[in-house]
Amino acid sequence: MGKEYWIGDVNSGLHDDSEVELKAWVHRTRGTNKIWFMVLRDSTGNVQCVIKRDAVGDECFESLSNALIESSVIIRGIASPTDRQHGHEIQVTSGEVVGPVNPDRPFPITESAMAESDGGETEFLLDHRHLYLRTGRMTTMLKLRSTVFGAIHSYFRDLDFIEYQAPNFVSGAVEGGSTLFEVPYFGRKAYLTQSWQLYAEAAMPALERLYTMAPSFRAEKSRTRRHLTEFWHAEMEIAWASNTEVMEHGEGVVRHIARTLLDERSDELTSLERDLDLIAQYADSEYPRMRYDEAIEILQGKGVEVQWGQDLDYSKEKILTADFDVPHFLTHYPRVAKPFYHRPDPDDPKYVLCHDLLAPEGYGEIIGGGERTWSEGEILERIEEENTPMEAYEFYIDVRRFGGVPHGGFGLGVDRVCTWLAGAEHIREAIPFPRDSRRVTP
RNA sequence: GCCGACAUAGCUUAGUUGGUGGAGCGGUGGACUGUUAAUCCACAGGUCGCAGGUUCGAGUCCUGCUGUCGGCGCCA
């Protein structure tokens, strides 16, 4: 890399009183015609550079002081600790503009553009997402996001899970068929995948412990702070495992993510005004578990109108999560409320062996998973019970005809986890280029 | 699919009972040798989302359309 010095290192005092060459972008400027202050940013932080006409000469002074916000520059000078509020600064000896910004078209993401967004997004910021990415808040989010992805990989790999890739073009649905994106496929119809699950189950007898992180697509016209049409899905599948064991991994990975963020990104969390004690609670606490029936009783006890057999929608989840300070599981939903691949409970086949993990603070469901219907007889019965067209699932049934074993898995909404742990208002804040029913650009 | 809001300069917005559309930021020019969202002076920048209607007169009232935002259902 043609870059040796980083602003983060300057700010930590690594280069005090020695010469550095910063390759960076202009964040903000101010000054007079004798002295010019230029705050530079790179991916590691911001630092103020002091440019004195006497020290750099007229030509250099004019050229640097004319550089607009987001011009790229190379600046050479002495890194100096100061008593001023910004800590470190660069006493500039020379420098030049690399990529100028045209005054006829200045950088559009101004303080005023971000002022009313409350940390979230305005239409303007969404339209200029490609430029908004380089602002402080977005950069921080992207760093947190990277750490979340890394933590998920390390959780599974440390437990000898194999990362496994499923196709994104598929012929059948996992969830209800209405939410599939249809794409033309050489004169036929194909769909964008909603989950790797069916394909993961095919590999389960080969790998036994497997996981993935990949985009999933849902053509839901949802307009909420929790939904995207393209989202990142961390999924795992494990052979010879019960619903309880799968849940333990769900709790394990979420707590590991929280712990890793605390260890590696506490500065970023703090800059988003996130309470570190709260994140520590998410990392250190056990997550309570509650059966569906208990949840219904609690809701009915609170006067909420809900019938046994109904799925629990977000309004009801929210009432339940209000009583918990940490994520909690809901298990054993009624069979009628869940799709065919959930395994009926052998102890009471009115229920299925499944779980949802609900995040606190009103963030809602972040994991859905459970034990799979694994014998040929049971899967055929369940498919028939739901009038699911069988053709698309032939291979899925086939897997059960050759040495089926108990197994299960879950899907975790990575963007939802990022949103929750970052304390963001909207899931859009946690992904670089959000896609929803009304937006596919930029 | 359903419900509710909003649309004024590049951005964020003010605009009173309908009577010649203002400001801050950003940009340009100028002043100032240590600024911290620098400050001060000046200049440029507007088919008030689009199409109709009411009216002597519409940014303002009415209708339709488009776009965006928020919420619900569904889910990760």
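All values below come from the heavy atoms of this structure, side chains included, with hydrogens, waters and symmetry mates left out. From a predicted model like this one, the values you see are computed outputs, not experimental measurements.
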Would you say the rings of A:Tyr393 and A:Phe340 are close, in the sense that their centroids are separated by under 6.0 Å?
yes
Expressed as a whole number of angstroms, how long is the span from A:Glu220:CD to B:G1:P?
14 Å
Closest to the A:Thr110 side chain, choosing from B:C32, B:G26, B:C69
B:G26
Phosphate contact (B:C75 OP1 or OP2) by A:Thr224 side-chain N/O below 4.0 Å:
no
Whole-Å gap separating P (B:C75) and CG (A:Leu412)
17 Å
Do the side chains of A:Arg274 and A:Glu361 get close enough for a salt bridge, i.e. N-O under 4.0 angstrom?
yes
Which whole-number value in Å describes the distance from A:His128 NE2 to B:U12 P?
10 Å
In whole Å, what is the span from the CH2 atom of A:Trp232 to the P atom of B:C75?
24 Å
Distance below 4.0 Å between A:Arg218 side-chain N/O and B:C75 OP1 or OP2:
no
Once you round it to whole Å, what is the distance between P of B:C74 and NZ of A:Lys338?
11 Å
Picking from A:Tyr211, A:Trp196, A:Tyr199, what satisfies ring pair (Phe, Tyr, Trp, His ring centres under 6.0 Å) with A:Tyr164?
A:Trp196
May I ask you to verify whether the side chain of A:Arg416 and the base of B:C75 hold a donor-acceptor pair under 3.5 Å?
yes
Go through the side-chain N and O atoms of A:Glu201 and A:His407 and say whether any donor and acceptor fall under 3.5 Å apart.
yes
Show me the protein contacts with nucleotides 65-67 of chain B, counting only N or O atoms at under 3.5 Å.
none

Heavy atoms only, 4.0 Å cut-off, all strands: where does A:Asp356 land among base, sugar-phosphate and nothing?
nothing
For the side chain of A:Glu111 and the base of B:U12, is some donor closer than 3.5 Å to an acceptor across the two?
no
Represent RNA chain B in dot-bracket notation, 5' to 3'. Only Watson-Crick or G-U wobble pairs with both distances under 3.5 Å count; pseudoknot-style crossings use [ ] and interstrand partners use |.
(((((((..((((.....[..)))).(((((.......))))).....(((((..]....))))))))))))....
May I ask you to say what A:Glu89 touches in the nucleic acid, namely base, sugar-phosphate or nothing, with a heavy-atom cut-off under 4.0 Å?
base
Please report, rounded to the nearest Å, how far the P atom of B:A76 is from the CD1 atom of A:Ile257.
16 Å
Sugar-phosphate only, base, or nothing, as touched by A:Leu68 at under 4.0 Å among non-hydrogen atoms
sugar-phosphate
Looking for any heavy atom pair under 4.0 Å, which part of the strands does A:Pro108 touch: base, sugar-phosphate only, or nothing?
nothing
Charged N to carboxylate O below 4.0 Å: is that the case for A:Glu163 and A:Arg157?
yes
With heavy atoms under 4.0 Å as the rule, sort A:Leu228 into base, sugar-phosphate or nothing.
base
Assess the pair A:His233 and A:Phe231: is the distance between their ring centroids shorter than 6.0 Å?
yes
With sugar-phosphate meaning primed atoms plus P, OP1 and OP2, does A:Glu235 contact a base, only sugar-phosphate, or nothing at under 4.0 Å between heavy atoms?
nothing
For A:Asp415, answer base if it contacts any base atom (sugar-phosphate contacts may also be present), sugar-phosphate if it contacts only those atoms, and nothing otherwise; contact means non-hydrogen atoms under 4.0 Å.
nothing
Once you apply a heavy-atom cut-off of 4.0 Å, does A:His86 come out as touching a base, just sugar-phosphate, or nothing?
base
Does the ring of A:Tyr363 carry A:Arg416 above it, NZ/CZ under 6.0 angstrom from centre and within 45° of its axis?
no
OP1, OP2 of B:G70 versus side-chain N and O of A:Arg428: anything below 4.0 Å?
yes
Just call it for A:Phe231: base, sugar-phosphate, or nothing, with non-hydrogen atoms closer than 4.0 Å on any strand.
base
Tell me what A:Ser315 touches on the nucleic acid: a base, only sugar-phosphate, or nothing, going by heavy atoms under 4.0 Å.
sugar-phosphate
Would you call A:Glu230 and A:Arg218 a salt bridge, taking side-chain N to carboxylate O under 4.0 Å as the test?
no
Identify all pairs in which a protein N or O lies below 3.5 Å from an N or O of nucleotides 38-46 of chain B, and state each distance.
from, atom 1, to, atom 2, distance (Å)
B:A38, OP2, A:Arg30, NH1, 2.3
B:A38, N6, A:Gly31, O, 3.1

Under 4.0 angstrom, heavy atoms only, what part of the nucleic acid is A:Glu70 near: base, sugar-phosphate, or nothing?
nothing
Regarding A:Arg53, tell me which of base, sugar-phosphate or nothing describes its non-hydrogen contacts under 4.0 Å with the strands shown.
nothing
For A:Lys52 and B:U35, give me the distance from atom NZ to atom P, rounded to whole Å.
12 Å
Taking only the side-chain nitrogens and oxygens of A:His426, find out if one of them lies under 4.0 Å from OP1 or OP2 of B:G70.
yes
So what does A:Ile366 touch, heavy atoms closer than 4.0 Å: a base, only the sugar-phosphate, or nothing?
sugar-phosphate
May I ask you to check whether A:Thr224 and A:Ser222 show a side-chain donor-acceptor distance below 3.5 Å?
no
A:Phe324-A:His328 aromatic ring centre distance below 6.0 Å
yes
When the distance from CG of A:Asn33 to C1' of B:G34 is rounded to whole Å, what number comes out?
14 Å
